[in-house]
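Here the structure is laid out as structure tokens; the discussion comes afterwards.
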Amino acid sequence: MPSDMTTDERASGALRVLEKACEDYHSALVATSEELRSLLDAGSATAEARAGRTAAELGAFAVGHIDIEKFAAFERTGEPVAVTEAPRLEAASRTLLSLLEHGNDLYYVNVDPGADLRDAVARGLGRAGRAFGAARTVELARSGKYDEATHGGWTDSFPPTLWSRREKQLAPPLVVEVDGADLRPGGLADFLDGEQKIVLVVRGVAPPAALARLITPGLLVVQTENPADLGAVAEAAGPAIAALVPADACHFTHSPAADGGRGRLVVRHMPTEEPKRPLGSLSVFQQTEAMRHLAALAAGWGLSAPETTAPSGDGASVPAPAASAADNLAAWILRQADISGMG
Amino acid sequence: MRVLVGDDTAVQTRAEQSRIRTTRQPQCTVEVVSDSGEGAQKCGQTFGAVSAKMGNGVWTVEIIPAEIQPPPRSPAGASGNRIRIGEGVVTNWGDRTNVAIAFNEQVLLARHRLDAIEEDAILLVENMWATHKDEDIRAEWAAAMDELGQANYRIIEVPMEEECLTIVENARKGKNMFALGILCWIFDRDMEITREQIAHAFRKKDPEITERNHELLELGYSWADSHLDVRIDVTPGLSPENTLVMNGNQAIAYGAVAAGMDLAAMYPITPATSVSHQLGEMFYKFGGVVHQAEDEIAAVGVALGASYSGKVAFTITSGPGLALKTEFLGLSVMSEIPLVLVNVQRGGPSTGLPTKVEQSDLLAALFGQPGDAPHVVMAPATIEECFHSMITARRIAETFRTLVMVLTDANLATGVQPFPRPTLDPAWQGSLPDMSPVPEGKAPYDWDEETGLSRRFIPGTPGGMHTLTGLAHDENSKVAYASAINQKSSAMRSRKMAVLQSTLRPPVVHGPESGDLLIVGWGSTKGAIEEAVDRAREEGLSASSLHLRFLSPLEPGLKGIFGRFKKVMTVEINYSDDPDMPYITDENRRRGQLAWLLRAQTLVDVDCWTRVLGEPLQPGAIHDVIRANVSKGGAA
């Protein structure tokens with residue numbers, strides 16, 4: 001079995017949730033591939049084939065009102081593809097066709113234990129992004145600007161760092177399976193732009209608040225045990241990331257679309273105890289810091305959560321008094337920062 | 001007969017429910033009318049959408065006052081929606097209303113005085129005005145009810161305010177959904193679909209608002225169930241599967257996206273603006289830009305510039321905006337930069353009737369640019385065609401390097417109709433722009449001597465650098481100094497229209513290919529004309545019709561078709577002189593705009609019948625015209 005096949009039912013479920021984004025990308029692939037094929041075939045196309053293409057391009061309004069064959073005779077076929085361009089265009093066409101042969105595995109990456117999460121995501125996006133590389137290759141070849149040294153590898157891999165703003169709006173979604181011990185998502189911020197959607201399916205024990213560090217004003221961040229929460233990612237206008245984590249991790253949603261402070265960050269579950277053991281290369285301090293970060297944000301924006309015990313920096317748990325969880329957390333943060341005496 | 005609700009003798013008990021009479025009708029026209037801002041349009045739109053989703057044919061028309069905020073309770077301020085539903089496809093708004101629900105008696109009176117209501121119509125009217133504390137209002141109510149009572153309507157008073165106050169504090173914010181509930185009961189609408197439609201309509205509001213509206217809907221339904229004794233069965237006969245329900249402006253927007261258009265540049269103008277609202281939501285998802293420019297002139301300039309750079313751009317406007325765009329439209333023609341312009345026609349001239357329908361821009365669209373500026377003018381006839389016309393317009397604009405105007409109107413723009421969901425085709429997005437290096441010696445206007453066609457040079461194309469100019473120019477885009485150059489370039493631009501015309505098919509005649517009378521129409525009147533022709537034919541009258549989609553160049557074969565009929569006349573929503581009016585002679589008579597065009601092009605004595613009432617034409621009125629012009633023995 002290829003390594004990039006879904007092994008976790010949660011990953012299959014995530015792909016189903018992202019089905020529409022996958023279909024949108026697939027449709028763009030089909031359209032680009034057909035457009036390129038018609039360009040390559042233009043020189044040798046029969047009158048019948050040209051008329052078929054013209055009929056499609058004119059659409060239903062023309063039916064009964066325009067004689068397609070006559071109209072097609074006046075369509076410019078473009079300058080014939082030059083001998084020197086043809087190999088580039090054929091390579092681009094092969095790339096698009098090979099991407100079309102993929103099923104949903106085009107949108108899935110499995111991170112081997114111990115491997116780097118950021119590298120694996122870059123590889124997955126670079127693979128699907130070959131479509132952009134192919135389209136760019138065609139444009140460059142047709143305009144005589146193609147340079148093998150600069151553009152040569154774009155049909156093999158076209159990483160997100162090269163994507164244009166428009167390409168990022170069409171970004172392929174990605175579902176990533178990764179061990180909890182390798183869940184260091186900070187580097188993924190590089191890719192969260194345009195309409196990029198990433199879902200991490202976490203295997204085994206996970207750091208409690210790994211995605212908290214990704215919370216920024218315009219990014220939808222979901223960390224949850226419940227696959228149903230992924231719907232927000234599929235519907236988000238803008239970039240979004242989610243992680244399916246074990247039940248004992250933090251569960252929260254940061255939604256930029258939420259109006260005002262309250263409801264912007266909803267923490268549904270906060271572990272009662274702080275981490276006690278390192279996880280992979282993540283120290284106890286690092287895991288705890290992520291929890292503190294989440295707690296601080298929740299306190300600042302108004303926490304909507306079940307009653308919890310906030311983690312403390314020195315490893316001791318602070319019992320929750322009768323006040324609201326938000327008040328508790330705010331008070332705790334003020335104590336930690338020792339700014340209570342400021343006037 | 002009048003039922004006074006509140007009167008014990010009229011309120012039905014459960015036991016009396018068995019007396020509820022259900023009448024089956026193949027089609028029925030409903031109106032919801034109120035003052036502006038009371039939500040009658042939302043009620044009507046929702047009722048129309050629900051009916052379409054259940055499988056009824058639907059055509060809706062907005063009833064909009066000329067002023068944005070007219071005085072309350074004034075006949076001139078009637079605002080709302082007319083919804084014609086049918087067992088099968090509905091192609092127009094019909095003749096008169098069978099059921100009306102009004103939030104005050106004055107707006108109902110307005111509809112009565114406009115002869116918009118059928119003689120035996122059922123009228124449901126808010127009755128709070130009868131006991132209003134203001135004596136003048138009570139007097140107005142009494143006078144209006146007296147006037148309405150002269151007709152044979154069945155008037156049912158409804159305590160809308162009283163009922164709605166049990167749920168909301170401000171009944172003005174609730175009557176529309178209460179009224180929707182009543183209509184749902186009368187027409188046995190699927191309440192689940194209705195609830196979903198309400199949730200969709202208020203999806204951007206607080207969920208509590210949807211909840212309140214659901215409660216009001218249920219209240220109206222329940223009130224009707226307890227108090228009304230007539231239900232109307234318009235059985236849904238169409239498959240609601242794979243059907244889209246939208247208005248013409250939405251269809252234009254969807255069509256633009258389907259056609260791969262990148263940029264819509266516009267300046268807000270009624271009734272075209274909502275195209276850009278729809279695009280604003282869609283472009284975010286699919287890529288593209290809505291540019292709201294500082295004025296109409298800038299908008300067309302931006303669209304033209306984007307098109308020059310290789311993008312697929314279009315601009316949207318209505319009559320006064322079309323006038324302002326004139327100079328840039330000439331530049332599009334002269335510089336042969338493809339451009340699509342959508343003109344949603346309204347009443348004119350000047351600011352005219354912003355919210356009302358007319359087809360008075362035809363000649364301005366055809367000939368409004370100074371100098372000789374040949375270009376394409378198309379007119380979709382249905383909401384479905386609004387969608388598909390954008391795809392065709394783009395292709396023609398690019399193939400012929402020219403301006404394509406798409407003329408719709410306020411009737412299509414705001415009317416809602418279901419139509420089959422198009423199967424999207426990537427080919428609609430067109431081919432990649434040709435940016436291959438320009439071969440040595442090729443020029444930016446290297447016109448084919450026979451067709452006038454030439455390759456489009458997009459900035460950035462290697463070897464394609466040239467100076468763009470609106471001045472008369474030669475093949476190299478150099479300003480014309482030799483006398484023959486303007487003659488040749490004018491011929492080349494004109495030749496393209498002839499070439500396009502050579503690819504058009506003769507129009508199809510609705511009805512027999514020959515006979516006594518041929519009605520010719522264009523744009524949104526197709527449904528009403530064909531329904532009128534069908535009615536006339538059922539009476540044994542010899543009438544046919546023909547509907548044009550291409551006005552420039554004109555579809556071929558018209559003279560031959562006209563020659564097979566004893567009389568040819570256009571039916572249009574623009575002004576023409578009545579030949580019987582003072583001072584009007586055959587020599588000075590101003591005719592319908594299409595009639596004028598057809599007479600010039602075919603030399604056939606084409607007559608016309610036109611109206612500018614600020615509303616769509618009624619099939620019944622056209623039917624009367626056919627009767628007047630055709631006797632059973634032949635043309636009158």
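Worth knowing before you read on, the calculation uses all heavy atoms, side chains too, and leaves out hydrogens, waters and symmetry mates. Lettering of chains follows the sequences in order, A, B, ..., and the numbering in each one begins at 1.
Looking at B:F400, only its side chain comes within 4.5 Å of chain A, counting heavy atoms on both sides. Neither the backbone nor the side chain of B:M390 comes within less than 4.5 Å of any heavy atom of chain A. Looking at B:T461, neither its backbone nor its side chain comes within 4.5 Å of chain A, counting heavy atoms on both sides. Proximity to chain A (any heavy atom under 4.5 Å) is shown, for B:V508, by neither the backbone nor the side chain. Contact of B:D206 with chain A is not made at all, since no heavy-atom distance falls under 4.5 Å. Both the backbone and the side chain of B:I396 have a heavy atom closer than 4.5 Å to some heavy atom of chain A. Interface residue B:S454: only backbone heavy atoms are found under 4.5 Å from chain A. With a threshold of 4.5 angstrom between heavy atoms, A:A73 does not approach chain B through any atom at all. Contacts between B:P380 and chain A at a heavy-atom distance below 4.5 Å involve backbone atoms as well as side-chain atoms.
Residues B:W428 and A:A56 share a closest heavy-atom pair of CD1-O, 2.9 Å. For the pair A:K70 and B:S502, the tightest heavy-atom approach, listed with the atom from each and the gap, is CD-O, 3.3 Å. Across all non-hydrogen atoms, the minimal contact from B:G287 to A:R166 is CA-NE, 3.9 Å. When all heavy atoms are compared, the tightest approach of B:G460 to A:K145 is O-NZ, 3.7 Å. Between B:T399 and A:E75 the shortest heavy-atom distance is OG1-OE1, 2.7 Å.
Between atom CG of residue B:D425 and atom CD of residue A:E57 there is a gap of 9.0 Å, rounded to the nearest 0.5 Å.
Heavy-atom neighbours of A:Y25 OH from other residues, nucleotides or ligands within 6.0 Å: above the threshold of 12. Within 6.0 Å of the NZ atom in A:K168, the count of heavy atoms belonging to other residues, nucleotides or ligands exceeds 12. Summarising the local packing, CD of A:E48 is surrounded by 12 or fewer heavy atoms from other residues, nucleotides or ligands at distances under 6.0 Å. Other residues, nucleotides and ligands contribute only 12 or fewer heavy atoms inside 6.0 Å of the CZ atom of A:R165. Counting heavy atoms of neighbouring residues, nucleotides and ligands inside a 6.0 Å radius, atom CD of B:E281 exceeds 12 of them. Open room surrounds CD on A:E69; 12 or fewer heavy atoms of other groups in view lie less than 6.0 Å from it.
Of the listed residues (B:R456, B:E385, B:R549, B:M435), the greatest number of heavy-atom pairs within a distance under 4.5 Å of chain A belongs to B:R549. Contacts with chain A were tallied for B:R395, B:Q429, B:H388; B:R395 has the most, counting heavy-atom pairs under 4.5 Å.
Considering only heavy atoms from C-beta on, B:L504 stays 4.5 Å or farther from A:F71 through its side chain.
Within residues 58-66 of chain A, the residues having any heavy atom less than 4.5 Å from a heavy atom of chain B are, in residue-number order, A:L58, A:G59, A:A60, A:F61, A:A62, A:G64, A:H65, A:I66.
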